[in-house]
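In what follows, a single structure is set out as structure tokens and then discussed.
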Amino acid sequence: MTEKAAMQALARLVPTGSRVLDLGCGNGAMLDYLQRERGCSGYGVEIDDANVLACVQRGVDVIQLNLDEGLALFDDNSFDVVLQIDTLQHLRNAETMLRETARVGRTGVVAFPNFAHWPNRLSILRGRMPVTRRLPYQWYDTPNIRVGTYKDFEVLATKNSLRILDAFGLQEGQEVRWLPNARAGTAVFHFEHA
Amino acid sequence: MSFFATPQSMHFPEVLPLQSGASLRDYHLAYETYGTLNADRSNAVLVCHALNASHHVAGVYAGQDKSEGWWDNMIGPGKPVDTDRFFVIGVNNLGSCFGSTGPMHTHPDTGEVYGADFPVVTVEDWVNAQARLLDRLGILQLAAVLGGSLGGMQALSWTLQYPERMRHAVVVASAPNLTAENIAFNEVARRAIVTDPDFHGGHFYRHGVIPKRGLRIARMIGHITYLSDDVMNEKFGRQLREGLELKYSTQDIEFQIESYLRYQGDKFSDYFDANTYLLITRALDYFDPARVHGGNLTRALARATAKFLLVSFTTDWRFSPQRSREIVKALLDNRRSVSYAEIDAPHGHDAFLLDDARYMGVMRSYFDSISKEVQP
């Protein structure tokens, strides 16, 4: 989900001037955008060497860390917004990290591939795991070790006492607010801890 | 082919008060510079050295084979710290044996060689002396202070002692203080030196001897801690020094690793000063900026305003990634600008002096971004 429109749709959830922590920040494009366009500050967290290098190259502060080891470096409520964009699906301890996101940030934004998007459902009906532009991997080599749906996340958020401030789907960079669980390839949740 | 470096020396007649309450006067600092100071004097980078290094950071000495500076792979024209863009200063610390005033020099009050009477110097004292050198060179603010290991401690201390005089701190394979285990290694090395019959309480110069046995053992133990188990196994394994048959001797060299350590120890004892070894390991032990803040590193680093890059190496057990993360956490708590790279390199603590593409890439990129802030 590197498309500019999708990035802008997510950036709209980050108030101007926010202090942001971007978990799994990739090459730092989102933080770079938030710093330049929305006057934000903050840090990215990345495990991958090439991504860490890319962040340093573009002048985005980055901390090299394995998210599966937790967020002990970060204090409670020390960020206005914690982002988890296309990160959750790679985490072994996705629920713990969701709680950590809520602990460290006053608000959180989570975006991940929605497995209930209709092309995926169709593929399952045919008896095969989906291989799409959004989920381009075969079942046996996918880095997406946590597959879930828009609706699944609502349940997980409630279980962890998160108050959902906004939720929608994203498809081709456009917000999908009608039947997002079927009509959007990406699920987006903006929440705070209750 | 590297460029030619020229060692220089600056004389300071004035008194330098030391943290211990003692003072030094009439001292020299040996230093080298590479590159050109720009018109607004904003492109200076200070490089701080670790235990057994010096002001000779980069380049070679004319007419001397194998005289590359100790960080020649990092610093020079076109290197990660590019001397075509930065004015780089290497300075030898007080108490060293490579040119700056140290225990083998003459005490101006007594006319005798200092020996064991050279005052204990701390990281903070070194930083104060370095700042005076910059005064004399006409540099008000550094683009960056850079150091690895004990050099990284100096870079960190710079951010607390002279926050307004620097914009970036690059702290590699370092720590906010030494752990008990780390102090213990230093103590073994010091005991090896001090109990050498040739040490004479530190006044061995008068006796025309050098406590080489102690120095050798100090270096051997140090060397073990700079490597990782993996890299030692890969390099030496259980290889015998000669042939395939065991000698069944308790005193002959049997294994390749023994031969290597003895060689390193011998080499070191030929050029390093015993009192310097004691002084520098003590400076390592004493460094602890959080101490006056009840051990709270977050409060200690509140004074720092520099932007930070920290780098650690996964197999470095002498200055482990965990120690760098403590510094990162304290900076995050203070909302300072910080980037942190944890390089998965096999070479232990030594990795900070070696070429690793990821390490070099991060350093190059960071210094690229600093160079964009300064006038050409």
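Values below: every heavy atom of this structure, side chains too, minus hydrogens, waters and symmetry copies.
Ranked by non-hydrogen atom pairs under 4.5 Å with chain A, the options S365(B), P321(B), A341(B) are led by S365(B). Between chain A and the residues Y366(B), F308(B), Y340(B), the most heavy-atom pairs under 4.5 angstrom are made by Y340(B).
Taking a 6.0 Å sphere around CZ of R291(B), one finds it holds 12 or fewer heavy atoms contributed by other residues, nucleotides or ligands. Remark: R36(A) CZ is packed, more than 12 non-hydrogen atoms of other residues, nucleotides or ligands lying under 6.0 Å away. The neighbour count for E373(B) CD, taken as heavy atoms of other residues, nucleotides or ligands under 6.0 Å away, is above 12. Atom CD of Q322(B) sits in a crowded spot, with more than 12 heavy atoms from other residues, nucleotides or ligands closer than 6.0 Å.
Looking at R358(B), only its side chain comes within 4.5 Å of chain A, counting heavy atoms on both sides. Of the atoms belonging to R335(B), heavy atoms from both backbone and side chain fall under 4.5 Å from chain A. Proximity to chain B (any heavy atom under 4.5 Å) is shown, for A50(A), by neither the backbone nor the side chain. Interface remark: D333(B) contributes side-chain atoms only to the contact with chain A (heavy atom separation under 4.5 Å). V52(A) touches chain B through its side chain: at least one heavy atom from C-beta onward sits under 4.5 Å away, while N, CA, C and O do not.
To the nearest 0.5 angstrom, E342(B) atom CD is 9.5 Å from I47(A) atom CD1. Annotation: the span from Q64(A) atom CD to S312(B) atom OG amounts to 8.5 Å, rounded to 0.5 Å. The structure places OG of S369(B) at 13.0 Å from CZ of R58(A), a figure rounded to the nearest 0.5 Å. Here the straight-line distance linking atom CG of L53(A) with atom CZ of R364(B) works out to 11.0 Å at 0.5 Å rounding.
Between V338(B) and Y43(A) the shortest side-chain heavy-atom distance falls below 4.5 Å.
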(message) Determine whether K329(B) and D75(A) satisfy the following criterion, side-chain contact (heavy atoms from CB on, under 4.5 Å), listing intermediate values before the conclusion.
(response) CA-CA 9 Å; K329(B) 172 152 184 35; D75(A) 262 358; 3.4 Å; yes
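Here ring pair (Phe, Tyr, Trp, His ring centres under 6.0 Å) pairs that include residues 158-177 of chain A, with residues two or more places apart or in two chains, number zero.
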